[in-house]
Protein chains: 2
Amino acid sequence: MGNSRDDVLRTALEILHRYGLADLSMRRLAAELGVRPSALYWHFPNKQSLLTAMADEVLGRVGPGSARMRWDHRIERVATDMRAALLRVTDGAELVSAGQASGLSTTTVGDYLTDAARHGGLSDRDANATRTAVCQLVIGLTMEQQTRAQMERIGAAEPSDRDFDTEFADGLALILDGARHRRATGH
Amino acid sequence: MGNSRDDVLRTALEILHRYGLADLSMRRLAAELGVRPSALYWHFPNKQSLLTAMADEVLGRVGPGSARMRWDHRIERVATDMRAALLRVTDGAELVSAGQASGLSTTTVGDYLTDAARHGGLSDRDANATRTAVCQLVIGLTMEQQTRAQMERIGAAEPSDRDFDTEFADGLALILDGARHRRATGH
DNA sequence: ACCTGAACACCGTTCAAGT
DNA sequence: ACCTGAACACCGTTCAAGT
């Protein structure tokens, strides 16, 4: 009985969650599946495409938010959900960051943000700026948090006293203030 | 005649600029210096510390901006200089992102942003939120731009029509609107 | 102060061939 | 449809020993 593409993907996510991104090698993944490394290349053309599929899986459960909410609350909700999704998996932010940078990820969650801003009355340009600022904040700050956590676990850094949840909330509130101001002034 | 720590650092930056981060291996760096890989470990305890030193070098030329400028113009200036510094070297943003995430980088440029915001009358908390939002935008968006450029160079992606300079300017303007609003309302 | 030699324990990827 | 076998061209790091 052979493995399906989905078996590979699921096992990869398990390794990621248990041991982190640095320990997710094609060779180790193959071993976990009871198969030779070369077998993986029947399911995915290369490691990058596997990582992209994993990133899409991690962000896949983030919803668009309710259209009945106020537009700014909706952005807040999507951003918070996105952050929670990244935090749910070890090194989730780094994974998504790599996928985003490579441009291969289908980042529907970014579109949710743009849509919410546009429904709030922002121009296309302002809506896009909001999306960009929010996405970079979520991914970048969460990546810092998870990398820090990983280093503390190894003992390569002493525990810091930073409160990432508050830093995130403050940064998001600042951006939303900017977005509301843009809406008020027309453009 | 032996190599100094500075020779190693300078050669590493040359390789980075000419071939990108993926091609910067300890073995290749050693070859370029005419030395065995193990020799590098006399100068740096490991690769990560070399990368951190490189990141500090890349951001080292970014100044604090003039204290005589308006606070928001000053933030704009520092952020723009930072972006320019990252763009000056191949994969500069990814390098700095890794250093920042690891927490080993001495990121004085972040302090310039916080200081400027505080001088503008923002609370410590708002000043910090401004710094966070700006830093994540600069690093994240520039990383996207450079990764995309690298992939187009290899032929792994067709040229996109995105205008990163405009995206950056718009995102920064939005954040600064938020910061100015915070100042006006007191907190 | 700076480097060699030799080793250890790994990587991603290709491709003909097998079932 | 899915996998093996074997190979290619690499990695970072350690450590005793050399000059």
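Per chain, numbering begins at 1; letters A, B, ... match sequence-line order.
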Quiz item: In residues 20-32 of chain A, what residues come within less than 4.0 Å of DNA chain C, judged by heavy atoms?
Solution: A:S25, A:M26, A:R27
Provide a list of protein-nucleic acid N or O atom pairs under 3.5 angstrom, restricted to nucleotides 17-19 of chain D.
none

Ignoring hydrogens and geometry, is there a side-chain-to-backbone donor-acceptor pair from [X] to [Y] under 3.5 Å?
X      : Y      : result
B:R182 : B:L122 : no
B:R118 : B:L113 : no
A:H119 : A:D115 : yes
B:S66  : B:R68  : yes
B:H43  : B:N3   : yes

Exercise. Name every residue in residues 7-19 of chain B that has at least one heavy atom under 4.0 Å from any atom of DNA chain D, in order of residue number, or write none if there are no such residues.
Key: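 Close to the strand, none.
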Quiz item: Counting only non-hydrogen atoms, which of residues 34-54 of chain A are less than 4.0 Å from DNA chain D?
Solution: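 Going residue by residue through residues 34-54 of chain A, the ones with a heavy atom under 4.0 Å of DNA chain D turn out to be A:V35, A:R36, A:S38, A:A39, A:W42, A:H43.
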Of all residues at least two apart in sequence or in a different chain, which pass the side chain to side chain contact (heavy atoms under 4.5 Å, CB included) check with [X]?
X      : value
A:L21  : A:L16, A:L24, A:L51, A:D91, A:E94, A:L95
A:D6   : A:S4, A:R10
A:T142 : A:R83, A:L86, A:L87, A:A93, A:V138, A:Q146
B:A98  : none

Exercise. Could I get the full list of side chain to side chain donor-acceptor pair (under 3.5 Å) partners for B:R162, not counting sequence neighbours?
Key: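 Listed in chain order: B:E144, B:E167.
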Quiz item: Residues in side chain to side chain donor-acceptor pair (under 3.5 Å) with B:R153, at least two apart?
Solution: B:Q150
Could you give the distance separating [M] and [N] at their [atom1] atoms, to the nearest angstrom?
N      : M      : atom1 : result
D:dC11 : C:dC8  : C1'   : 12 Å
D:dA9  : C:dC10 : C1'   : 14 Å
C:dA17 : D:dC2  : P     : 22 Å

Quiz item: Pairs in or reaching into residues 30-41 of chain A: which pass side-chain hydrogen bond (donor to acceptor under 3.5 Å, both in side chains), with residues at least two apart or in two chains?
Solution: none
Quiz item: Between A:Y19 and A:R28, is there a cation-pi geometry (under 6.0 Å to ring centre, at most 45° from the normal)?
Solution: yes
Quiz item: Dot-bracket for DNA chain D: what is it, with Watson-Crick or G-U pairs under 3.5 Å, [ ] where a pair crosses earlier ones, and | for a pair to another strand?
Solution: ||.|||||...|||||.||
Quiz prompt | Electrostatic pair B:D111:B:R131 at N-O distance under 4.0 angstrom | solution =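 B:R131 and B:D111: salt-bridged.
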Quiz item: Does OP1 or OP2 of D:dC3 have a side-chain N or O of A:N3 closer than 4.0 Å?
Solution: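 Yes.
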Practice problem: Verify the neighbour count for atom CZ of B:R180: are there more than 12 heavy atoms of other residues, nucleotides or ligands below 6.0 Å? | Solution: yes
